[in-house]
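One structure is given here, and the rest of the page talks about it.
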Amino acid sequence: MALFKALLVSVLLFLLLAVHLVDARFGSEEHTLATNDAGDSPPQKINCGTACAARCRLSSRPNLCKRACGTCCAKCNCVPPGTYGNQEQCACYASLTTRGNKPKCP
C-alpha cells in the first residue's frame with residue numbers, strides 16, 4: 001500500500017512538472033509572437049526623466065543617481081521597475097559598467 005502511494009505521488013509530481021514546462025514553453029512563444037507583431041515600427045522611446053526620477057526617488061544622492069540612470073536609459077531605452085534591483089528585466093541596463101568594472105546604472 002505504501003509503495004502504491006509513493007508511486008501515485010511520483011506520477012502526480014511528474015505530471016505537474018510536465019504541465020509547468022509546457023505552459024512555460026508555449027507562454028514564451030506567445031510573448032515572442034506578440035512582440036514581433038509590431039512590424040517595422042521602431043520601439044517606442046521611454047521618458048527617461050520620469051523613469052529615472054521614479055527609480056532614484058529614495059536615493060541618498062538623487063542628482064548623481066538621476067544622472068547615471070539617465071545615461072543608462074539613453075543607451076538602453078529602458079529602466080528597471082522599482083527603486084532598487086530588478087535589473088534582470090533590462091539586460092542592457094544591468095550590463096553597463098564603469099571603468100573600474102563596477103555597475104554604472106543605479
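On a predicted model such as this, the values are computed, not experimentally measured, just so you know.
Taking every heavy atom of both residues into account, Tyr93 and Pro106 meet most closely at OH-O, 2.8 Å.
Taken to the nearest 0.5 Å, the SG atom of Cys76 stands 9.5 Å off from the CD1 atom of Ile46. Asn77 CG to Cys72 SG: the interatomic distance, rounded to the nearest 0.5 Å, is 12.5 Å. With rounding to the nearest 0.5 angstrom, the OG atom of Ser95 is 10.0 Å from the NZ atom of Lys75. The OG atom of Ser59 sits 7.0 Å away from atom CG of Leu64, with the distance rounded to the nearest 0.5 Å. Annotation: the span from Arg55 atom CZ to Cys48 atom SG amounts to 13.0 Å, rounded to 0.5 Å. Residue Thr98 holds its OG1 atom at 7.5 Å from NZ of Lys104, rounded to the nearest 0.5 Å.
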Could you go through the side chain to side chain contact (heavy atoms under 4.5 Å, CB included) check for Arg61 and Asn63 one step at a time?
CA-CA 6 Å; Arg61 300 178 68 190; Asn63 291 335; over 6 Å; no
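For the cysteine pair Cys69 and Cys52, the distance separating the two SG atoms is below 2.5 Å.
By the 4.5 Å heavy-atom criterion applied to side chains, Gln89 and Pro81 are counted as neighbours.
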